[in-house]
Structures are given as structure tokens and as C-alpha cells.
Amino acid sequence: MIVATWNINSIRMRLPRLVQWLELRRPDVLCLQETKVVDQDFPSDSLTSIGYHCLFRGEKSYNGVAILSLKPAEQVLNALPGDSDDLQCRFLEVHIAGIRIINIYAPNGQEVGSPKFAYKLGWYARLRKYLDEALDPGSDLLLCGDFNIAPEDRDVWDPEQWRGQVLFSEPEKEAFRSLVSWGLADALRMHRPEGGIYTWWDYRAGAFHRGWGLRIDHVLLSKPLAGRCTSIEVDREARKGEKPSDHAPVLATLE
DNA sequence: ATGGCTACTCCTAGTAGA
């Protein structure tokens, strides 16, 4: 079983590439972030016609999450508990093949110390609280998505330039560690300890071709699922060519 | 030395992303 995550940066702009990629890689489950489309305009027809079931929650212009799957998934939640007054679409939880899959698009945070940064940290605190109160680290749980956090030096092309900046500040890294310490494993690091593996590259300055990237998209697995994860990869090919997203997909294989 | 882009919108300028 292959479960993938990809920040697509507008599903409408990326639809031809998305369809092509799904036909090429054929993941069992794909968690998408930044769909940037309201539900009534979600391009379900193009995806169901190639065999994918779609669950989604979007809003105008910003955010938006979706889960595509070859077998139907059961939607559990479409918002992070505690976000009841929050219209930002950043969370989608489903049940499929006996696994609970949570797809997140974490806030960016804009700038350390800004109101959006405080919102980001509060959002992560609510996510950790939700895990504590509602979920069991001994169950089959996969938490993936765009975390907007690079956890360690080896996840950043130039740690000294990035240190203390948004995406790579200590409070953000602590928020990430707090999720892991609940009882999750960083699936990529189980198999790939080396530096230089990134999932996002700035559109500007030819960053992708210069290797100026960050690893901010992650797949976290509960212990029972970690034992079933045999491989994981970042598909850099999907970042190449015409009109790419600024993120590459991450694909995890579970036996 | 700096910055270099892309996508969105009550759409050609401002906001946001990361």
C-alpha cells in the first residue's frame, strides 16, 4: 500500500500534472494540501474518471485539503477539534484499510513573532491536544502533510542562514518534536538518515536546480505502522518541468 | 550584494506563500 502526500499549490492550476502523476505512480492514497478551491468547484470528475475517490474540504483562495484513494475512504473529521471558529481548511481525517489517516496543512507562520506565527504554534498545540485526547499511539495511525517545519539541520540546505527563521525556529522544531514524542516516527528518517533530502524549493532564484530546499512535508507513523513501512521516497521528478508545484510528493510504502 | 516566482482575487495591485 502506497500512501503519498503532496502540497499541490492550486489543484486547478496543477490538474493536468496531477492526473499524469496519479496515472504514473498510482498511489493507493494521496493526501493533498493547498487545493485552493471551494468544494463545489473541486475537479472530482477528472479524478474519478481515473479511478480515484475524493474527499475534500476547501475554501476560496487559500488552504484546502483533499484525500484521494483507489478504495473509498470513510471521512472521520474535516476540521481540527478546537478550530470550530476557524474557517481555515487545514485538516482532514479518514479511515481506510484499517488505518486512520490524518492529512494536515499546517499554518506557514509568515514571520517569527508575528500574529500568524502565534497562530501556527497554537494550531500545533491543538493538534497535540487532539492526539492526547482522542487517539491511541498503539493504533494504526498515519499523520502526513505539509507541516511547514524543517525539524533538524539536515533538513535545511543552509542551516546557518535559516536558523531562527520561520519554518526553522526553535519553537516550531519543539512543536514538531512534541508530535513525535506522542508516539510517532518520522518515516523518512527511519530509512534515510542523510542530509540533502528536501520536499520544497522556492520558485525564485532557480532554487530547485541549485539544491536550495527544505524538508517540510512529512509522513509520521504510529509504532504499529512504522513496523510495516518498508520504503519512503521524495519524488523530485514531480518538481521538474513546466508549471510544477513548489513542493515534491512524498510516498511511503506500507506492507 | 541583492534578488530572482507563482497563484489568488469583487483581477493589472496587493496579499500570501515558504
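Computed from a prediction, not measured in an experiment: that's the story for all the values here. So you know, we letter chains A, B, ... as the sequences are listed, proteins then strands, and number each from 1.
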Rounding to a whole Å, what distance do you find between A:H247:NE2 and B:dA7:P?
13 Å

Taking a hydrophobic cluster as the set of Ile, Leu, Val, Met, Phe, Trp and Tyr residues connected by side-chain heavy atoms closer than 4.5 Å, whether directly or through intermediates, do A:V250 and A:L92 fall within one such cluster?
yes

Take the protein atom CD of A:E111 and the nucleotide atom C1' of B:dG17, then report the distance between them rounded to whole Å.
14 Å

Please tell me whether A:L121 and A:I216 are part of a single hydrophobic cluster in this structure, the criterion being side-chain heavy atoms less than 4.5 Å apart.
yes

Please classify the nucleic acid contact of A:W212 as base, sugar-phosphate, or nothing, using heavy-atom distances under 4.0 Å.
base

Using a 4.0 Å heavy-atom cut-off across all strands, classify A:Q165 as base, sugar-phosphate, or nothing.
nothing

Just the dot-bracket of DNA chain B, please: which string comes out with Watson-Crick or G-U pairs under 3.5 Å, [ ] for crossing, | for another strand?
....(((((...))))).

Mind checking if A:Y105 touches a base, just sugar-phosphate, or nothing, with heavy atoms under 4.0 Å?
sugar-phosphate

Nearest whole Å is fine: how far is B:dA16 P from A:N108 CG?
11 Å

In whole angstrom, give the distance that lies between atom CZ of A:R239 and atom P of B:dA18.
13 Å

Rounded to the Å, how far apart are A:D217 CG and B:dG17 P?
15 Å

Just to confirm, is there a sub-4.0 Å distance from OP1 or OP2 of B:dA7 to any side-chain nitrogen or oxygen of A:K243?
yes

Please give, in whole Å, the distance from B:dT6 P to A:Y62 OH?
19 Å

Can you measure A:R17 atom CZ to B:dT6 atom P for me and round it to whole angstrom units?
12 Å

Would you kindly say whether A:E34 and A:N9 are connected by a side-chain donor-acceptor distance under 3.5 Å?
no

Is A:K240 positioned over the aromatic face of A:F208, cation under 6.0 angstrom from the ring centre and no more than 45 degrees off axis?
no

Between A:L167 and A:G206, whichever has its closest DNA chain B nucleotide further toward 5' is A:G206

Using the closest heavy atom to pick a nucleotide of DNA chain B for each, name whichever of A:M13 or A:Y203 lands nearer the 5' end.
A:Y203

Once you apply a heavy-atom cut-off of 4.0 Å, does A:I216 come out as touching a base, just sugar-phosphate, or nothing?
sugar-phosphate

Go through the side-chain N and O atoms of A:N103 and A:Q33 and say whether any donor and acceptor fall under 3.5 Å apart.
yes

Is the distance from OP1 or OP2 of B:dG4 to the nearest side-chain N or O of A:R204 less than 4.0 Å?
yes

Considering only the P atoms, how many Å lie between B:dG4 and B:dC10, rounded to the nearest integer?
26 Å

Tell me whether A:E93 is salt-bridged to A:R100, with the criterion being a basic N under 4.0 Å from an acidic carboxylate O.
yes

Check A:D186 with A:R177, please: is the shortest side-chain N to carboxylate O separation under 4.0 Å?
no

Length of the CD-C1' vector between A:Q33 and B:dC8, whole Å
18 Å

May I ask you to verify if any side-chain N or O of A:N148 is less than 4.0 angstrom from the OP1 or OP2 atom of B:dA18?
yes

Distance between the C1' atoms of B:dA1 and B:dC11, in whole angstroms?
35 Å

Heavy atoms only, 4.0 Å cut-off, all strands: where does A:K116 land among base, sugar-phosphate and nothing?
sugar-phosphate

Exercise: do A:D217 and A:T199 side chains pair donor with acceptor under 3.5 Å
yes

OP1 or OP2 of B:dT6 under 4.0 Å from side-chain N/O of A:S10
no

Does A:R210 reach a base, just sugar-phosphate, or nothing at all? Heavy atoms under 4.0 Å.
base

Let's see if you can work this out: which of B:dG4, B:dT9, B:dG17 has an atom nearest to the side-chain heavy atoms of A:Q110?
B:dG17

Counting only side-chain N and O atoms of A:R14, is one of them less than 4.0 Å from OP1 or OP2 of B:dA7?
yes

Counting any heavy atom closer than 4.0 Å, what does A:N7 reach on the DNA or RNA strands: base, sugar-phosphate only, or nothing?
sugar-phosphate

Is A:D202 touching bases, backbone alone, or none of the nucleic acid, heavy atoms closer than 4.0 Å?
nothing

Testing the basics here: between A:F147 and A:Y124, what is the closest heavy-atom pair and its distance to 0.1 Å?
O-OH, 2.6 Å

Separation between the P atoms of B:dA18 and B:dT12, rounded to whole Å:
25 Å

Expressed as a whole number of Å, how far does the P atom of B:dT2 sit from that of B:dA16?
26 Å

